[in-house]
Novice: 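Submitted below is the structure of interest, expressed as structure tokens.
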2 protein chains.
Amino acid sequence: MPFPVRVGDKWTAKILVCLRDGPRRFSELQVPLARVTPKVLTESLRAMERDGMITRTVYDEMPPRVEYELTPLGHTLFEPLAASCAWNAEHGEAVARAREEHAQRV
Amino acid sequence: MPFPVRVGDKWTAKILVCLRDGPRRFSELQVPLARVTPKVLTESLRAMERDGMITRTVYDEMPPRVEYELTPLGHTLFEPLAASCAWNAEHGEAVARAREEHAQRV
DNA sequence: CTGAATCCAACCCGATACTG
DNA sequence: CAGTATCGGGTTGGATTCAG
């Protein structure tokens, strides 16, 4: 099942935001994404690379440096992402209320 | 963690589409959503009801009849949903190509 | 610094059978 | 008709440890 692109998982959307303004190193991503383990971060990044959303560039230095950067295709994801954020901003409160009322009735 | 609304799961978006043009019965949903088991369909519907996306109305008849209908809040989900569909229509092919090229390199 | 390896818990989803 | 009960597999994400 190739589609759709996994932006609904736990970290992809946040990685997108972190890469919005330019390339970032692995350790630079771990800072804003607090509590993401390296294993999971790597998995997410590899999946995004496989889908053409980001590029992974290894600089042969010591100590090692690896940079991740959004592709043009990756940047296009901000459009649907913005729509989802706008929905949350506009209706998130209503959902919270619905959940509380539902909890009351039970 | 109350947010965000689970529209990224397997069935919620499809249920939304099925309810778009009016209320539907449980068995009417099972037809277009082929291969959804009653257990999973029930789980999805209950979650959507809890979040205020749909209403569940039981008619005390024989045989029993239950109708699900989108709330005004539920209808607002079509906006971000449409943005995601538009992205897929526009860039889905590019993702498929990226995956094939990636598979080649491995 | 940038991961890889291993193990494990939780969750999501499905198959099957059964009920008011 | 509209579910519930039970069981189990597959995937996801996290903790921990180790390596180049």
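Atom set for the values below is all heavy atoms of this structure, side chains included, hydrogens, waters and symmetry mates excluded. So that the names make sense, note that chain A is the first sequence line, chain B the second, and so on, each numbered from 1.
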Novice: Counting only side-chain heavy atoms from C-beta out, which of C:dG14, D:dG13, D:dC1 sits nearest to A:Asp9?
Specialist: D:dG13
Novice: Please give, in whole Å, the distance from D:dA2 P to B:Asp60 CG?
Specialist: 13 Å
Novice: Reckon B:Tyr59 touches a base, only the sugar-phosphate, or nothing at all at heavy-atom distances under 4.0 Å?
Specialist: nothing
Novice: Using 0.5 Å steps for rounding, measure from the NE2 atom of A:His91 to the CG atom of B:Leu77.
Specialist: 8.0 Å
Novice: Any side-chain N or O of B:Arg65 under 4.0 Å from OP1/OP2 of D:dA2?
Specialist: no
Novice: From CZ of B:Arg56 over to C1' of D:dA2, roughly how many Å is that when rounded to an integer?
Specialist: 8 Å
Novice: Can you check the B:Leu29 CG to D:dA2 C1' distance for me, whole Å?
Specialist: 12 Å
Novice: With heavy atoms under 4.0 Å as the rule, sort B:Val66 into base, sugar-phosphate or nothing.
Specialist: sugar-phosphate
Novice: Is any side-chain N or O of A:Arg35 closer than 4.0 Å to OP1 or OP2 of D:dG14?
Specialist: no
Novice: Can you see if the side chain of B:Arg6 gets near the phosphate of C:dC11 - specifically, an N or O under 4.0 Å from OP1 or OP2?
Specialist: no
Novice: Would you mind telling me which of D:dG3, D:dA15, C:dC1 lies closest to the side-chain atoms of A:Thr37?
Specialist: D:dA15
Novice: Does NZ or CZ of A:Arg24 fall inside the cone over A:Tyr68's six-membered ring, less than 6.0 Å from its centre and within 45° of the axis?
Specialist: no
Novice: Expressed as a whole number of angstroms, how long is the span from A:Leu41:CG to C:dA5:C1'?
Specialist: 17 Å
Novice: Using the six-membered ring of B:Phe78, assess whether NZ or CZ of B:Arg20 lies under 6.0 Å from its centre and within 45 degrees of the ring axis.
Specialist: yes
Novice: With respect to the side chain of A:Lys10, which nucleotide from C:dG14, D:dG13, D:dA2 is positioned closest?
Specialist: D:dG13
Novice: Can you measure B:Lys39 atom NZ to C:dC12 atom C1' for me and round it to whole angstrom units?
Specialist: 8 Å
Novice: Do A:Arg99 and A:Glu101 sit within salt-bridge range, that is, some charged N less than 4.0 Å from a carboxylate O?
Specialist: no
Novice: Taking the side chain of A:Pro38 as its heavy atoms from C-beta onward, which of D:dC1, C:dA4, C:dC1 lies nearest to it?
Specialist: C:dA4
Novice: Using only side-chain N and O atoms of B:Arg46, determine if any of them is under 4.0 Å from OP1 or OP2 of D:dG3.
Specialist: yes
Novice: Of the listed nucleotides (D:dA2, C:dT2, D:dA15), which one gets closest to any side-chain atom of A:Ser27?
Specialist: C:dT2
Novice: For DNA chain D, whose closest nucleotide is more 5', that of A:Pro64 or that of A:Val36?
Specialist: A:Val36
Novice: D:dG3 P sits how many Å from B:Leu33 CG, rounded?
Specialist: 14 Å
Novice: Please report, rounded to the nearest Å, how far the C1' atom of D:dA2 is from the CZ atom of B:Arg24.
Specialist: 17 Å
Novice: Nearest of C:dG3, D:dG13, C:dC1 to any side-chain atom of A:Tyr68?
Specialist: C:dG3
Novice: A:Thr12 side chain to A:Asp9 main-chain N or O, any donor-acceptor pair under 3.5 Å?
Specialist: no
Novice: Starting at NZ of B:Lys10, measure out to CG of B:Leu33 and round the result to the nearest 0.5 Å.
Specialist: 11.5 Å
Novice: Roughly how many Å is it from CD in B:Glu67 to P in D:dA2, rounded to a whole number?
Specialist: 9 Å
